[in-house]
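These numbers come from a predicted model, not from an experiment. Worth knowing before you read on, the calculation uses all heavy atoms, side chains too, and leaves out hydrogens, waters and symmetry mates. Counting starts at 1 for both ligands and their atoms, in listed order. Starting from 1, each residue takes its place in the sequence as its number.
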Amino acid sequence: MSRYDLVILNGTAVLPGLGPARMDIGVKDGAIAAIAGSLSAADGADVIDARGRHVLPGAVDSHSHIGIYRPFSADALSESTSAVAGGTTTMISYFRTGSHYLNKSGPYREIFPEVMKLSAGQFRCDYSYHVAPMTNAHLDEMEWLVDQGVGSFKLYMFYKSLTLSSDSTKGREYTMSDDYDLGYLYEIMERAAALSRARGKRISLSLHCENPELIRTFIARIKAQGLTGLEAYSHARPTLSEELAIEEAVVLSHAAGCPINLLHLSSGAAVTKGIEVKRRYPDDDILLEATLHHLMLNWNNSGGYTAKVNPPIRTPRDQEVLWAAVKNGDIATVVSDHACLTKDKKEGDFWAAWPGFGGTGFLYPALLSEGVLKRGLTLARAVDLVSANPARHFGLYPKKGAIAIGSDADFSIVDLEAQRTVTVEGLHSAQDFTPFEGMKLSGWPVVTLLRGQVVFKDGQPQGQPLGGFLRRS
Ligand SMILES: [Zn+2]
């Protein structure tokens, strides 16, 4: 009998904090049981030869939106297929009540079990949820949600205008919420802080930082000039709005003692503000996040109108400031913010078109090509950004995010040499377009393993969905 269920031989493993090393890996019962220089094929019931490849810990894509625009279970299946194609083995997805998703409001005690049911058996990767309290009644459900394994929450700062504006009927229809303002934000922060202290773990609040009053003013101005397109959209939701929202958020989180995640910093100004507030409050727990699309796209890209997203795509200069912050460690996590939708939702009136698009299908290739190969990001840091750090900050480390004894045997085995063009088909998503089409990337996964099982190989998903829910409490 073999000592291990599986051995991965001859590969270059990228170990957290240590970087690349020639290592063989033994897997038993879905976990990493050996990391050694000299295992042999006889040691494993199954053998993967990773000669010439890099063996990375499976990516933990800590920002995605499963079910936001499409039927929930179908979206979980198709988009987790895209995830494993891009080397992601854990998705942490946002969920909220209101318009989109399940199109309803009500207690999470009723709705969250429905989300769990719709998720079961549909994911090809492991998954977990961040949840957004939307109504006053949801505040009293935060502790219950933590007990269900939800370890983090979210607030969309720009939804405030939807409930406060003169158009508030329409806004309330969208959010199905109560007074969604800074006072409400502070109450969420107080509760998350209290839960963090009581449970002795990081229970954080993720923030979409854009200021609604400024957006309203600037959108009116840009529309009055008759402008559309990505450049106009960027001016309509200017970086000033992100900077102000970050200021508001950190003043409150500092007072409340709440760990926060400043999501998808889109611009040089926003990331500079993020770095500044971290220095101002050195003892506060403030995580800065960047997305693939803000790193990879600018408003001149060929993706054009399909790349409409909040916060908007900015300039090449903004991209380079973001990459610098990714390289030097100011930005802790890189994510896809994956939200699958079809091209028809992007067509017609530019201002009414739905925001967002998918990207999890090339999380590792994007970071390895544009970061490691093009800009000198180290492999160790690349792995930290998309695997170890999100796992650490969202309560999954070292089960996830590490190549270490006892960690789940989640791997993305990639080929850094072979270059491939991004195509819609190659992303294995239900999305029928991609703003990234035609980009040439290296570092595509050859094999993706979830808890020792091959879930993606030779360009195709393998077997039945094996993903399970990860409780983060
Ligand atoms: Zn998002």
Side-chain angles (χ1 to χ4, degrees), residues 59-70 72 75-76 79-80 82-83 86 88 90-102 115 127-134 150 152-160 162 174-175 180 185 188 204-210 212 215 233 237 241-242 245-246 249 260-267 270-271 274 287-297 306-314 322 331-341 345-346 353-361 363 366 386 390 393-394 429 431 434-436:
V60 176
D61 192 353
S62 60
H63 187 157
S64 57
H65 296 272
I66 293 297
I68 180 172
Y69 295 136
R70 300 176 60 246
F72 205 97
D75 206 45
E79 303 322 298
S80 65
S82 188
T88 291
T90 297
M91 286 184 119
I92 315 180
S93 190
Y94 285 99
F95 182 80
R96 61 160 173 75
T97 55
S99 187
H100 299 303
Y101 293 101
L102 302 183
V115 172
Y127 58 95
S128 193
Y129 287 103
H130 317 276
V131 171
M134 298 293 287
V150 172
S152 40
F153 298 94
K154 181 171 187 180
L155 185 126
Y156 301 77
M157 293 181 78
F158 71 100
Y159 283 0
K160 183 168 66 165
L162 297 175
Y174 187 86
T175 58
Y180 197 88
L185 167 58
I188 296 176
S204 59
L205 179 67
S206 292
L207 291 156
H208 181 129
C209 295
E210 287 187 282
I215 292 175
Y233 199 61
R237 301 176 76 112
S241 135
E242 277 184 289
I246 291 168
I260 56 167
N261 315 305
L262 302 178
L263 303 184
H264 44 47
L265 301 174
S266 72
S267 61
V271 76
L287 176 145
L288 307 186
E289 177 196 272
T291 70
L292 284 186
H293 46 268
H294 293 117
L295 289 165
M296 305 275 288
L297 301 176
T306 63
K308 178 181 166 183
V309 65
N310 300 330
I313 299 299
R314 310 292 187 186
L322 284 176
I331 285 175
T333 61
V334 174
V335 300
S336 70
D337 194 2
H338 190 89
C340 175
L341 77 180
K345 306 293 190 297
K346 294 284 192 188
W354 294 8
F357 44 82
T360 196
L363 184 53
V386 299
H393 293 288
F394 293 104
S429 162
Q431 195 167 284
T434 171
F436 303 88

query: For the residue pair V60 and P390, what are the closest heavy atoms and their distance?
result: O-CG, 3.4 Å
- request: Looking only at N, O or S atoms, find the one in H63 nearest to the Zn ion (ligand 1) and name it.
  value: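 Result for H63 and the Zn ion (ligand 1): NE2.
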query: With respect to the Zn ion (ligand 1), what is the nearest N, O or S atom of D337?
result: OD1
- prompt: Any side-chain donor paired with an acceptor under 3.5 Å for S64 and H338?
  reply: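 Absent: no donor and acceptor within the cut-off.
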field: Under 2.8 Å: N/O/S of H208 next to the Zn ion (ligand 1)
entry: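 It does not; every qualifying atom lies at 2.8 Å or beyond.
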- request: Specify whether an N/O/S atom of H65 falls short of 2.8 Å from the Zn ion (ligand 1).
  value: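 So H65 does bind the Zn ion (ligand 1) by this criterion.
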field: Passing option when F95 is tested against Y101, Y129, Y127 for ring-ring contact (aromatic ring centres under 6.0 Å, His included)
entry: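 Of the listed residues Y101, Y129, Y127, the ring-ring contact (aromatic ring centres under 6.0 Å, His included) partner of F95 is Y101.
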- prompt: Just how far is it from atom CD1 of I215 to atom CD of E210, taken to the nearest 0.5 Å?
  reply: 4.0 Å
